[in-house]
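Labels below follow one simple rule: chain letters A, B, ... track the order of the sequence lines, proteins then strands, and each chain is numbered from 1. Both backbone and side-chain heavy atoms feed into the values below; hydrogens, waters and symmetry mates do not.
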Amino acid sequence: MSKIVVVTSGKGGVGKTTTSAAFAAGLAKRGFRTVVVDFDVGLRNLDLIMGCERRVVYDFVNVINGDANLNQALIKDKRLDNLCILPASQTRDKDALTQEGVEKVLDELRESFDYVVCDSPAGIERGAMLAAYYCDEAVVVTNPEVSSVRDSDRMLGLLASKTRRAERGEEPIREHLLLTRYSPQRVDKGEMLSVDDVREILAIELLGVIPESQAVLQASNAGVPVVLEESTDAGQAYDDAVARFLGEEREHRFLVEKRGFLGRLFGG
Amino acid sequence: MASTVGSVEQAAAFELKGRMATLTVLRLLTPDNDTLNRQLEAKVAEAPSMLRGLPVVLELSAVAGASADQLALWLETVRGQGLVPVGISGAGEDVATAARERGIGVFPELFGGERQSPKPGSSRRSAEPEVLPGRVIDQPVRSGQQVYARGGDLVVLASVSPGAEVLADGNIHVYGTLRGRALAGVQGNREARIFCRSLRAELVSIAGQYQLSEHLGGDGAEGPVQVYLEDEALCIVPLEA
């Protein structure tokens with residue numbers, strides 16, 4: 001059965017688009033037919049992270065308005081056959097998205113994909129709420145700092161009350177916490193909240209912890225979903241998260257600082 | 001409000017004034033004229049000075065389908081007992097027309113629709129003590145959410161996040177960490193209390209007396225506490241195990 005997964009956070013700049021790209025690529029790599037939809041109309045970024053910015057012809061808003069059909073707008077990923085991208089429009093704003101239009105497009109995508117990953121814009125306004133409205137599962141991306149945690153908490157409250165499942169009284173959305181840009185070193189210094197602090201406040205299942213890593217920036221600049229960079233710490237952490245999302249048991253890694261030989265020797 | 005009639009040279013013959021006056025309403029509960037006559041006679045005998053010459057309005061909504069002929073009979077009976085019918089109310093159009101022809105005023109509906117005398121057994125005051133149901137929340141109360149238990153206690157089985165607000169007319173129990181705002185006794189109940197497993201609240205308030213987190217102090221916040229009001233001051237006391 002096809003599932004709609006929203007990647008959301010409330011706060012901006014925490015890694016929603018990076019996560020959407022990595023998650024969608026991770027699901028596709030495991031053989032699921034996956035599409036990732038950019039809901040950030042007016043601030044299109046997903047195409048850059050996915051490295052398909054030069055192949056955008058039609059977009060999400062064109063499909064909603066009937067200027068193009070879905071197959072014309074979907075961009076096939078060059079690395080993974082069963083991965084597609086539906087880009088956002090850069091020239092419009094969030095008002096171009098209508099609830100009926102979004103429902104129609106998502107229903108159509110459900111027919112041909114196993115997973116529809118919705119990359120939500122920041123905030124809790126119209127764009128973000130439309131991205132979340134039809135979802136079955138939510139990945140809440142949070143940075144280990146107080147303002148991000150509070151915004152995620154707010155978003156979790158909205159997911160529990162303002163989505164279609166909530167309004168219809170259906171089974172609640174499955175919520176997953178993904179902690180990104182985690183630096184064990186800075187946690188030790190007390191500059192960041194620890195995994196346990198964040199888990200205690202948000203009280204939802206921890207899907208994964210992505211370490212702060214140069215690899216994320218490099219992958220973004222190269223237009224490669226970081227999960228495909230299998231040798232990097234962030235790539236492996238995303239791979240673990242996708243595996244857990246699909247029900248695999250995997251131990252959490254990257255929670256403690258990697259120490260060099262000298263560090264271990266002197267035990268500092 | 002008064003309006004005068006006539007020209008300036010001529011002194012006004014009358015003025016029209018709106019005044020509130022209390023009128024007795026004689027609500028007819030049966031169309032049977034003989035019964036009416038008998039009972040009215042007994043009533044007048046009880047308090048003749050009060051009822052003789054008393055202007056009354058005949059209220060007919062309880063006797064459905066009254067006819068113009070019946071109205072004539074009732075008016076005769078009421079007059080015969082010394083009362084002065086000045087108007088009717090709650091009657092159909094034909095009865096109202098008949099009343100106007102007899103010089104009797106027609107009042108708008110005095111009783112809104114069906115109104116029966118209270119049925120036995122449905123008295124408002126019940127002998128049983130009134131127990132207001134509290135509100136039980138088993139999910140975390142998240143930032144931006146507000147939960148209010150009107151007229152009773154609020155029980156939260158999870159934590160209350162920063163930026164969330166829980167309110168109750170009665171007590172508030174939080175079986176997690178209280179990090180948001182908690183306001184007990186919001187309608188002024190000074191006996192209300194707040195109980196929580198761990199107090200990290202932004203604000204606590206009982207019956208409008210509040211304290212902000214900067215005055216709650218860091219120590220003593222570990223472990224379960226209760227908050228109550230004593231002599232206009234909030235007391236925050238650890239719960240003894």
Side-chain angles (χ1 to χ4, degrees), chain A residues 6 8-12 14 120 122-126 128-129 132 138-163 165-167 169-177 179 190 193-206, chain B residues 133 135-150 154-168 172-183 194-204 212-225 239:
Chain A
V6 67
T8 188
S9 69
K11 198 170 177 63
V14 295
S120 170
I124 54 170
E125 287 79 25
R126 189 182 165 78
M129 294 326 294
V139 175
V140 178
V141 182
T142 307
N143 286 172
E145 47 110 5
V146 284
S147 59
S148 176
V149 172
R150 178 179 291 186
D151 291 358
S152 293
D153 193 50
R154 175 91 169 111
M155 184 49 80
L156 285 165
L158 293 171
L159 289 173
S161 60
K162 294 278 194 294
T163 51
R165 278 175 179 251
E167 283 176 3
E170 293 170 358
E171 198 186 324
I173 291 163
R174 257 181 77 199
E175 298 156 337
H176 311 268
L177 171 64
L179 207 52
L193 295 175
S194 72
V195 181
D196 292 336
D197 293 339
V198 179
R199 281 177 94 169
E200 203 199 321
I201 294 177
L202 295 181
I204 58 171
E205 174 240 311
L206 180 68
Chain B
R135 222 177 140 183
V136 179
I137 307 287
D138 57 2
Q139 295 289 312
V141 184
R142 301 202 179 271
S143 183
Q145 290 181 326
Q146 195 182 47
V147 180
Y148 177 31
R150 192 181 296 277
L154 177 67
V155 178
V156 181
L157 298 173
S159 288
V160 177
S161 292
E165 195 167 80
V166 287
L167 308 102
I172 295 175
H173 308 255
V174 180
Y175 292 96
T177 303
L178 174 57
R179 295 191 180 88
R181 299 153 71 97
L183 297 93
I194 298 169
F195 307 89
C196 61
R197 281 264 289 273
S198 175
L199 183 68
R200 301 273 174 80
E202 295 167 339
L203 177 147
V204 287
L212 286 166
S213 61
E214 41 180 21
H215 299 116
L216 290 175
D219 51 317
E222 299 301 322
V225 295
L239 287 171

What closest approach, in Å, do A:Arg150 and B:Ser143 show between heavy atoms, and which atom pair accounts for it?
CG-OG, 3.5 Å
Please say whether more than 12 non-hydrogen atoms of neighbouring residues, nucleotides or ligands are located less than 6.0 Å from CD in A:Glu167.
yes
Got a donor-acceptor contact below 3.5 angstrom from the B:Arg142 side chain to the A:Leu202 backbone?
yes
CD on B:Gln145 to CG on A:Asp153, rounded to 0.5 Å
7.5 Å
Most contact-rich option vs chain A, by heavy-atom pairs under 4.5 angstrom, among B:Pro140, B:Pro162, B:Ser159, is B:Pro162
